Amino acid sequence: MIRRLNIRWRLTFWFAAAMTVLLVIRSFWIYHMMERRLATITDVELNAKIDALEDLLRKKFELKDVKTSLERYADNQRDLQIEIESSEQDVLFRSHPGSQIGVDKVRNIQPDTTGRQYATNLSKDGDQRREVITVVPTSLGQVTVRISRSMQAERNEVWEFAMTLLKSLPMVILAAFGVGYLVSARALSPVDKMISTAKDITANRLDKRIDVPDTGDELARLAQTLNEMIDRLNTSFEEMRRFTADAAHDLRTPVTALRTEVEVSLMADQTVDDYRHSMQSVLEEAINLSRLAEQLLDLSHEDRGWNYDEQPKVRLDVILQSVREDLHKVAQQKQIRIDTQQVRPWTVKGDQVRLRRVFTNLLNNAIQYTPNGGCIWIEGTSTPETTTVVIADNGIGVPAEDLPHVFDRFRRVDQARNSQSGGTGLGLAICKSIVESHGGKIWMESTLGQGSRVYVKLCTSKSVGGQSIAE
Ligand code: ADP
């Protein structure tokens, strides 16, 4: 039932319950302490009286003198019961003849350092009495003196007090509920604020942030964490928006070109050669469009994520060899030489098709951005932990200011050189996405006019144990 209540009421309930338990325990504790205090006070009082009696007994030598003095003393101390016994246990004196100190139930007897004994007894009529016993050497020999006094009146008062405390319980519970509710409402008010701000935050209003209280407590940390989450969401939404806008822009250009080409050729009668020329342009744009569509699809697949852990081991050296063979003809057309270090088996965990796409893109770029007669190197190293492949070229390179952004989506370094190559600006972004989903890293070093080196670092499959590349 309690679980169904909201946090505010649950806190209130537990606070009130704790207060009730504490109050009950405290009432009993106070009662117990007061009882002990009462016994101590009574002991002090009885000790003073027994001291006086001891003085009296030590002074008097005749029994009848003692008796007369005791009777006079007892008459002045009517609430006291005094009993004196000889060492033979004969009763020498009893303050209230016929009565006997009621020892129905001896509750406790504790001798102190002076040899006096203290007891709390319960008489037959339920009267609780405190008793002090001492042995006094007199001229009549050793006598045992017992004096006692009823503690009932004080006890009743203590009991009354405890009862008053308990009777105030309903009031205390009510007050605890009230205080508990106010305290928890105050403690949770930042949460209410967070909820209302969070409700205001939508995909279009990701600029809003939750107020972080400067308390440094759990709620402040929660607000901080939520704000960090909103930051991340904002970044992703921004990226998505930019990506959609870029994609739309990049689709519009070839579509507009297509449309213009077709419209122009339909406007007037043209020769077969003119039509063929137009068709050639249409085909080129269509190829560009379909490449763009494919790359967008690739990216969306990568963004959806896939389970890298379940991937088998693949031979990176075999993939590189095959990519090289595939692009050999393209390189040959530009008289570009591709040098590959002779490698031993490099085994990494990953997806064969995706890794192949990475190295095809990289080698393709190297060929595209290297002038005729240039050179490309495929090299790398492998340790038991990582395998790093480098695709290097002595091509046109990338300006330093563009280098940090070449892996961004739709990022083209220079429109002029890309329009020649027909690049979409998505190739390196796809490579980055794939490499990172393999738990790897990709980066580029480049000098404008001198060439570029793209590094791909992947985890070596340990069970096989990658080996260093032969020099
Ligand atoms: P694109 O499809 O336009 O080639 P990429 O994402 O593959 O797009 O590359 C992004 C940009 O990085 C390219 O526009 C190109 O200018 C530059 N680039 C990529 N690889 C190289 C390279 N090997 N040499 C010089 N520039 C490169």
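What you see below is based on every heavy atom in this structure, not just the backbone, and it leaves out hydrogens, waters and symmetry mates. Being a predicted model, the structure only gives us computed values, none of them experimental. Whatever order the structure lists them in is the order used to number ligands and atoms, beginning at 1.
Looking at ligand 1, you won't find any N or O of I396 less than 3.5 Å from one of its N or O atoms.
Note on R453 versus E379: salt bridge recorded, some NZ/NE/NH1/NH2 to OD/OE distance being below 4.0 Å. Comment: R241 engages E238 in a salt bridge, judged by a side-chain N to carboxylate O separation of less than 4.0 angstrom.
Using modelled atom types, one side-chain atom of K334 and one backbone atom of Q368 make a donor-acceptor pair closer than 3.5 Å. A donor-acceptor pair under 3.5 Å is absent between the side-chain atoms of R155 and the main chain of Q128, judged by distance alone.
The proximity of V398 to ligand 1, defined as any non-hydrogen pair under 4.0 Å, is limited to the side chain. Of all the heavy atoms of D393, the ones lying under 4.0 Å from any atom of ligand 1 belong exclusively to the side chain.
The atoms of ligand 1 that sit less than 4.0 Å from any heavy atom of T424 are 1 (P), 2 (O), 3 (O). Listed by atom number, the atoms of ligand 1 under 4.0 Å from M444 heavy atoms are 19 (C), 20 (N), 21 (C).
Counting only N and O atoms by type, the side chains of R130 and T120 include a donor and acceptor under 3.5 Å apart.
With R26 as the partner, the side chain to side chain contact (heavy atoms under 4.5 Å, CB included) test is satisfied by one option alone out of L23, I30, L22: I30.
The option with the heavy atom closest to atom 7 (O) of ligand 1, from among D408, L426, N365, V406, is N365. Remark: among candidates G427, G425, A366, G397, the nearest residue to atom 1 (P) of ligand 1 is G425, based on non-hydrogen atoms.
Taking a 4.0 Å cut-off on heavy atoms, N361 fails to register as neighbouring ligand 1. Residue contact check for ligand 1: Q295 places no non-hydrogen atom closer than 4.0 Å to it.
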Donor-acceptor pairs are to be reported for all side-chain atoms of residues 224-231 against protein atoms at under 3.5 Å, with residues two or more places apart or in another chain.
| residue | atom | partner | partner atom | Å |
| --- | --- | --- | --- | --- |
| T225 | OG1 | R221 | O | 2.6 |
| N227 | OD1 | I210 | N | 2.8 |
| N227 | ND2 | I210 | O | 2.9 |
| D231 | OD1 | R209 | NE | 2.9 |
| D231 | OD1 | R209 | NH2 | 2.6 |

